[in-house]
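The analysis underlying the following values was restricted to heavy atoms, covering all of them including side chains, and did not include hydrogens, waters or symmetry mates. Here is how names work: the chains are called A, B, and so on, in the same order as the sequence lines, proteins then strands, and each is numbered from 1.
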2 protein chains.
Amino acid sequence: MELKPIAERFVLHWGEMGSRWGVNRTVAQIHALLYLAGRPMDAEEITSTLGVARSNVSNSLKELQSWNLVRIIHLKGDRRDHFETSTDVWELFKLIVAGRRQREIDPTVVALRECLDNPVIEEEHEGTRQRIEETLKFIEIMGTLADEMLRLKPETLMKTLGVSARISQVVRRKP
Amino acid sequence: MELKPIAERFVLHWGEMGSRWGVNRTVAQIHALLYLAGRPMDAEEITSTLGVARSNVSNSLKELQSWNLVRIIHLKGDRRDHFETSTDVWELFKLIVAGRRQREIDPTVVALRECLDNPVIEEEHEGTRQRIEETLKFIEIMGTLADEMLRLKPETLMKTLGVSARISQVVRRKP
DNA sequence: CAGTAATTTCAGTAAAAACAGAAATTAATA
DNA sequence: TATTAATTTCTGTTTTTACTGAAATTACTG
């Protein structure tokens with residue numbers, strides 16, 4: 001499959017953005033491609049469309065599946081695996097939030113708690129301990145906020161964030 | 001300066017988290033160090049504490065300054081530059097949000113608008129165009145949301161997010 | 001303004017990550 | 001069950017990013 005210019009630009013930009021947020025470029029590109037395509041694609045098609053190695057696609061798809069962003073589909077009369085992603089940005093957003101929550105927020109909470117519970121914290125300055133505590137509180141709030149978003153249905157989430165964003169745009173008053 | 005065990009763990013963990021979010025490890029470590037120290041440090045001290053090259057520290061500090069996360073301070077009777085960061089997690093959060101907003105969100109909005117305005121969008125499937133539009137709306141909401149947070153004073157922001165997080169934790173009702 | 005301290009720049013090196021291609025494995029078909 | 005298709009694993013290469021150390025520059029001091 002040959003990518004048309006707009007789709008190509010989208011996919012490349014998404015890959016670029018991915019890198020800036022710690023996501024492998026190819027992984028991000030594949031996801032963008034499946035999202036734009038809006039239909040299941042097999043690995044070979046992805047490979048030829050993006051012009052990367054077949055093995056690269058295989059590994060990247062595994063990565064995307066581990067984030068629940070991509071799932072395998074089987075079409076009747078075709079033994080190949082096909083891959084698809086949600087076409088709902090808000091659902092995708094939630095999946096990414098869920099992933100980062102458990103991969104980054106949770107371990108950080110654990111690490112900071114261990115810091116605070118460790119008796120050698122006594123060796124540190126009081127201010128240092130306080131700041132670690134503040135950091136922990138901050139991260140915990142982020143975690144709870146993530147949960148809150150995860151509990152909302154996509155439409156509700158979109159409306160809630162969208163509306164609150166629009167209000168703040170209109171009201172324009174100091175807090 | 002020799003790092004005490006808890007501070008070391010914190011700094012290393014922060015460096016690790018940085019990498020996962022697209023921030024250079026040393027950059028993140030230096031920031032964590034200044035944050036925990038809660039006092040201005042000169043480049044030489046940072047260098048010896050973290051055990052990295054002086055030039056690495058110099059460049060990383062430049063990076064941190066470009067994000068407004070670190071500022072130069074001069075102490076009387078000392079010709080060396082000293083560096084400090086805010087000890088307020090919420091203020092730091094806002095600075096990071098502001099930076100990512102203008103470095104990632106804004107350019108993405110531009111790119112997606114260009115995609116949609118480009119006449120060759122006609123070559124794409126209608127669904128593809130729609131999804132690019134959805135994505136643009138999503139990113140714009142994220143941008144507005146970022147602005148909203150930036151307009152709040154740290155205490156207000158903390159209370160708003162903190163309280164809303166806590167409520168959602170307690171109420172536990174479906175949306 | 002000569003000398004020294006502090007900082008930055010730069011060129012080269014090292015480390016890490018991304019990627020390709022071949023080989024191996026697994027799964028399906030005839 | 002032999003053959004082929006599809007996928008994954010593995011090893012080595014390339015590319016990128018991070019980093020070092022020396023040299024150059026800038027800023028200060030006596």
Side-chain angles (χ1 to χ4, degrees), chain A residues 1 11-34 40-67 70-84 103-104, chain B residues 1 11-34 40-67 70-84 103-104:
Chain A
M1 190 186 105
V11 167
L12 294 181
H13 183 90
W14 219 245
E16 187 54 40
M17 281 305 111
S19 326
R20 300 216 189 183
W21 290 83
V23 178
N24 176 284
R25 193 161 43 99
T26 307
V27 169
Q29 283 181 3
I30 292 178
H31 185 251
L33 174 62
L34 290 174
M41 293 176 76
D42 67 77
E44 197 50 59
E45 189 179 5
I46 297 172
T47 299
S48 67
T49 305
L50 295 181
V52 295
R54 178 69 183 75
S55 54
N56 192 1
V57 169
S58 175
N59 291 325
S60 300
L61 284 168
K62 276 278 142 66
E63 175 88 8
L64 285 165
Q65 289 173 70
S66 81
W67 283 78
V70 162
R71 56 190 164 281
I72 294 189
I73 286 269
H74 284 109
L75 282 71
K76 59 170 172 286
D78 194 334
R79 56 199 273 199
R80 292 169 302 178
D81 292 344
H82 286 67
F83 303 88
E84 68 170 12
R103 284 166 211 241
E104 278 116 33
Chain B
M1 191 186 104
V11 166
L12 294 181
H13 183 88
W14 218 245
E16 188 53 41
M17 281 305 111
S19 326
R20 298 216 190 184
W21 289 84
V23 177
N24 175 285
R25 192 163 42 100
T26 307
V27 169
Q29 283 181 4
I30 292 178
H31 185 251
L33 175 62
L34 290 174
M41 293 177 76
D42 65 77
E44 196 51 59
E45 190 180 4
I46 296 171
T47 299
S48 68
T49 305
L50 295 182
V52 295
R54 178 68 182 73
S55 54
N56 192 1
V57 169
S58 176
N59 291 325
S60 299
L61 284 168
K62 276 278 142 65
E63 176 89 8
L64 285 165
Q65 288 172 70
S66 82
W67 283 78
V70 161
R71 56 191 165 280
I72 295 189
I73 286 270
H74 284 107
L75 282 71
K76 59 170 173 284
D78 195 334
R79 54 200 277 197
R80 292 168 301 178
D81 292 343
H82 286 68
F83 303 89
E84 68 170 13
R103 283 167 211 240
E104 277 117 33

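- Separating the CZ atom in A:Arg103 from the CE atom in B:Met17 is a distance of 12.0 Å, to the nearest 0.5 Å.
- Between B:Met41 atom CE and C:dA6 atom P there is a gap of 16 Å when expressed in whole angstrom units.
- Protein atom CZ of B:Arg79 is 7 Å distant from nucleotide atom C1' of D:dA27, rounded to whole Å.
- Residue B:Asp42 is out of contact with every strand shown, counting any heavy-atom pair closer than 4.0 Å.
- The interatomic distance linking A:Arg25 (CZ) with D:dT14 (P) rounds to 17 Å, in whole Å.
- Here the straight-line distance linking atom CD of A:Glu84 with atom NE2 of A:His82 works out to 11.0 Å at 0.5 Å rounding.
- The side chain of A:Ala53 lies closest to C:dA20 when the candidates are D:dT29, C:dA18, C:dA20.
- Rounded to whole Å, atom P of C:dA6 lies 15 Å from atom CD1 of B:Ile72.
- You'll find that the side chain of A:Val52 is closest to C:dA20, out of D:dA5, C:dA20, C:dC10.
- Following rounding to the nearest Å, A:Ile30 (CD1) and D:dT7 (P) show an atom-to-atom distance of 13 Å.
- A distance of 11.5 Å separates CD1 of B:Ile30 from CZ of B:Arg25, quoted to the nearest 0.5 Å.
- Toward the 5' end of DNA chain D, the nearer of the two residues A:Ser58 and B:Asp78, judged by each one's closest nucleotide, is A:Ser58.
- Nucleotide D:dC10 holds its C1' atom 15 Å from the CZ atom of A:Arg54, rounded to whole Å.
- The side chain of B:Ser55 approaches C:dT9 more closely than any other nucleotide in the set C:dT9, D:dT7, D:dA18.
- Rounding to whole angstrom units, CG of residue A:Leu50 and C1' of C:dA20 are separated by 15 Å.
- Here the side chain of B:Asp81 is nearest to one of C:dT7, D:dC19, C:dA27, namely C:dT7.
- A:Phe83 pairs in a side chain to side chain contact (heavy atoms under 4.5 Å, CB included) with only one of the listed residues (A:Arg71, A:Gln65, A:Glu45), which is A:Gln65.
- As rounded to whole Å, 11 Å separates atom P of C:dA6 from atom NE2 of B:His74.
- A:Asn56 comes within contact range of the sugar-phosphate backbone alone, with a heavy-atom separation under 4.0 Å but no base atom that close.
- Taking CG from B:Leu34 and CG from B:Leu64, the interatomic distance works out to 7.5 Å, rounded to the nearest 0.5 Å.
- Within the structure, every side-chain polar atom (N or O) of A:Arg80 is placed at least 4.0 Å from both OP1 and OP2 of D:dT7.
- Listed pair B:Asn59 / D:dA18 fails the phosphate criterion, with no side-chain N or O lying under 4.0 Å from OP1 or OP2.
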